[in-house]
Undergrad: 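Mind having a look at this structure? Questions to follow.
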Amino acid sequence: MPAAPRSDAPRSDTPPVVVIANPAAGRGRGARLIPRLRTIVESAVARSGGTLAVELRLTTHAGEEFDLAREAAEQGVATIAALGGDGTWGNVVRGIMAARVMGERPRLALLAAGTGNDLAWATGIPAHDLEGAIEIAMGVGERRIDVGEADGVHFVNCLGFGFDAAVLEGTQRVRWLRGHAVYLFTAARMLLGYPGIVADVRVGGATTPGKHYLAVIFANGPRFGGGFRIAPGARLDDGALDLVCVADAPALRRAVVFAGVTRGTHTRSPEVDIRSVREATLTFDSPPIFDADGELHRARGCTVTVRCHRQALRLAVPS
C-alpha cells in the first residue's frame with residue numbers, strides 16, 4: 001500500500017480507526033488471523049451503517065509498525081489498533097510518540113497475536129478476543145498509562161539489560177518452539193554460561209559503582225517473556241518504573257532466582273533489589289544491547305538514562 005502524504009493537520013478523509021497488522025507476529029500467527037480480522041472489521045463497519053471508517057494496513061518488513069503508526073498519528077487518526085505482540089505494540093507506541101501532532105495523540109488498541117502479549121495481560125484487556133478487541137477499538141473508553149524511554153527508545157511494558165537481552169537474542173535461533181516455551185527454553189539453556197554485565201547504576205544522587213549483575217530490568221508492567229513475573233508490584237499508571245537489579249551469583253543461586261521469577265517469588269532473594277524510580281542512569285564499559293518490549297537495540301554510547309513519562313499513552317479500554 002503506498003504511503004499517504006504526511007501532514008501536521010488531520011486529513012478530511014482520515015478514518016477514525018487504523019488497524020496495523022503484523023503478519024509475522026507470533027511466528028506467523030498474525031498472518032493466520034488477518035483473514036478473520038478483515039471479516040470482523042467489515043462486519044463492524046456494516047453494523048455502524050457506514051458511519052464508521054476503518055482502514056487495515058499490513059506491515060511488509062520488520063519494524064514497519066513504527067512508520068505506519070507515526071503516519072497514522074500525523075494524519076489525525078483517533079485510534080490505532082495493533083495486531084501483534086509486545087514487539088509490535090512497542091514499535092507502534094514508538095511511532096505514536098515520535099509523531100508530530102496537534103492536540104492529543106491517538107489511542108492504542110491491543111489485538112493479540114504475539115508470543116508473550118504481556119502488555120495485554122497487565123491491562124486485563126481481552127486482546128485475544130478479536131471481536132471484543134475491535135469493539136473496544138471502535139469505542140471511546142480509554143486509560144492513560146506511563147511510557148518509559150531509554151536512549152531515545154520508548155517502551156511501554158519492559159526494558160532490560162544483561163540476561164534479558166541475551167535471552168531475547170537467543171530466542172531468534174530457536175524456531176521449533178512457540179509462545180512462552182521459547183523464552184523458558186532459551187533462558188534455561190543460557191543460565192549457567194551467561195557472563196553477566198558490569199555497570200554503574202545511579203538513582204538520584206546515589207551511585208552503585210561497578211557491580212556485577214545478571215540483569216538490570218526497568219518494568220512498567222509486572223510481566224515479560226510471556227510468563228516471567230519480574231516485577232509483581234509494577235503498575236502501568238503510577239508515574240514510575242520498577243527498577244529490578246539482579247546481582248550475579250554462582251550457578252545454583254542463579255537457578256533459584258530464575259525459578260523464582262517464573263512465580264514472582266524472586267523478590268525475596270538477597271540477589272534481587274527492586275525500587276520504584278522515575279529516572280536512573282547506567283554506565284557500561286561499552287555500548288550495551290538492551291531489550292525494549294521484545295525488540296533488541298544497541299545503545300549509542302556507554303551511558304544510558306532511563307526515564308518514565310507519566311501517563312503519556314492513551315490506551316483503549318472497554319467503555
Side-chain angles (χ1 to χ4, degrees), residues 63 66 86-87 90-91 93-94 97-98 146-173 183 186-187 189-221 224-225 228 230-231 234 240-251 253-254 257-258 261 266-267 269-309:
F66 173 90
D86 292 296
N91 280 329
V93 168
R94 284 186 271 281
M97 296 299 293
D146 305 330
V147 175
E149 181 185 2
D151 203 40
V153 177
H154 291 93
F155 63 98
V156 70
N157 184 61
C158 194
L159 178 138
F161 299 89
F163 188 66
D164 174 33
V167 169
L168 177 61
E169 192 172 30
T171 62
Q172 298 172 1
R173 297 187 291 273
Y183 293 93
T186 307
R189 189 174 63 175
M190 297 180 61
L191 188 62
L192 301 184
Y194 179 68
I197 56 173
V198 176
D200 298 345
V201 179
R202 185 171 76 249
V203 178
T207 300
T208 303
K211 191 169 180 178
H212 201 175
Y213 295 99
L214 183 63
V216 177
I217 309 289
F218 290 85
N220 194 29
F224 76 113
F228 295 105
I230 188 65
L241 303 169
D242 277 27
L243 169 58
V244 184
C245 295
V246 183
D248 202 5
R253 287 302 307 168
R254 280 187 173 191
V257 173
F258 176 70
V261 174
H266 63 293
T267 57
S269 299
E271 294 86 1
V272 178
D273 175 63
I274 301 181
R275 63 186 110 166
S276 180
V277 302
R278 290 197 174 99
E279 181 174 306
T281 299
L282 281 67
T283 303
F284 303 85
D285 291 335
S286 60
I289 62 169
F290 59 89
D291 163 18
D293 289 334
E295 297 283 314
L296 285 173
H297 300 264
R298 172 75 66 178
R300 293 170 294 186
C302 296
T303 299
V304 181
T305 296
V306 184
R307 57 178 56 89
C308 180
H309 298 285

Undergrad: Once you measure the plane-to-plane angle for F258 and F163, does it fall in the parallel (<30°), tilted (30-60°) or perpendicular (>60°) bin?
TA: perpendicular

Undergrad: Quick one: do L282 and D200 satisfy side chain to side chain contact (heavy atoms under 4.5 Å, CB included)? Show the steps, please.
TA: CA-CA 5 Å; L282 281 67; D200 298 345; over 6 Å; no

Undergrad: Looking only at non-hydrogen atoms, find the nearest pair between L296 and A165 and report the distance.
TA: CD2-O, 3.6 Å

Undergrad: Hey, what do you get for CD (E279) to CD (E149), rounding to the nearest 0.5 Å?
TA: 10.0 Å

Undergrad: Could you check whether any side-chain heavy atom of V156 comes within less than 4.5 Å of a side-chain heavy atom of D293, counting everything from C-beta outward?
TA: yes

Undergrad: Between L243 and I274, is the side chain to side chain contact (heavy atoms under 4.5 Å, CB included) condition met? List the steps.
TA: CA-CA 6 Å; L243 169 58; I274 301 181; over 6 Å; no

Undergrad: Between G196 and R254, which heavy-atom pair has the shortest distance, and what is it?
TA: N-NH2, 4.1 Å

Undergrad: Looking at side-chain heavy atoms only, is the closest gap between R298 and P288 below 4.5 Å?
TA: no

Undergrad: Return the minimal non-hydrogen interatomic distance between A240 and N220, and the atom names on each side.
TA: O-OD1, 4.0 Å

Undergrad: To the closest 0.5 Å, what do you measure between CZ (F224) and CG (D86)?
TA: 11.0 Å

Undergrad: For H266 and E271, what are the C-alpha separation, side-chain angles and deciding distance, and is it a side chain to side chain contact (heavy atoms under 4.5 Å, CB included)?
TA: CA-CA 9 Å; H266 63 293; E271 294 86 1; over 6 Å; no

Undergrad: Report the C-alpha separation of V201 and Y213 in whole Å, then their side-chain angles, then the decisive distance to 0.1 Å, and conclude whether the side chain to side chain contact (heavy atoms under 4.5 Å, CB included) test is met.
TA: CA-CA 11 Å; V201 179; Y213 295 99; 3.7 Å; yes

Undergrad: Kindly indicate whether the side chain of V272, heavy atoms from C-beta on, has any atom under 4.5 Å from the side chain of V244.
TA: yes

Undergrad: For atom CZ of R307, is the number of surrounding heavy atoms from other residues, nucleotides or ligands below 6.0 Å larger than 12?
TA: yes

Undergrad: Run the side chain to side chain donor-acceptor pair (under 3.5 Å) test against D242 and tell me which residues pass, sequence neighbours left out.
TA: none

Undergrad: Less than 4.5 Å apart, any side-chain heavy atom of L241 and any of R278?
TA: no

Undergrad: To check you understand the geometry: which heavy-atom pair defines the closest contact between R300 and D151, and what is its length?
TA: N-OD2, 2.9 Å

Undergrad: With rounding to the nearest 0.5 Å, note down the distance linking CD1 in I197 to NZ in K211.
TA: 12.0 Å

Undergrad: How are the rings of H297 and F290 set to each other: parallel, tilted or perpendicular (split at 30° and 60°)?
TA: parallel

Undergrad: Are the side chains of L192 and Y194 in touch, meaning some heavy atoms are under 4.5 Å apart?
TA: no

Undergrad: With a 4.5 Å heavy-atom cut-off, do T303 and T281 have their side chains touching?
TA: yes

Undergrad: Report yes if the side chains of V147 and F155 come closer than 4.5 Å at any heavy-atom pair, otherwise no.
TA: no

Undergrad: Working to the nearest 0.5 Å, report the span between CG of N157 and CG of D146.
TA: 12.0 Å

Undergrad: Going through the distances and angles, do D273 and R275 end up as a salt bridge (charged side-chain N to carboxylate O under 4.0 Å, His left out)?
TA: CA-CA 7 Å; D273 175 63; R275 63 186 110 166; 3.2 Å; yes

Undergrad: Work out which heavy atom in R94 is nearest to a heavy atom in G87; give both atom names and the distance.
TA: NH2-O, 4.4 Å

Undergrad: Taking all heavy atoms of A219 and all of I230, pick out the closest pair and write down the distance.
TA: CB-CG2, 4.3 Å

Undergrad: Check step by step if ring-ring contact (aromatic ring centres under 6.0 Å, His included) holds for F284 and F161.
TA: CA-CA 10 Å; F284 303 85; F161 299 89; 5.3 Å; yes

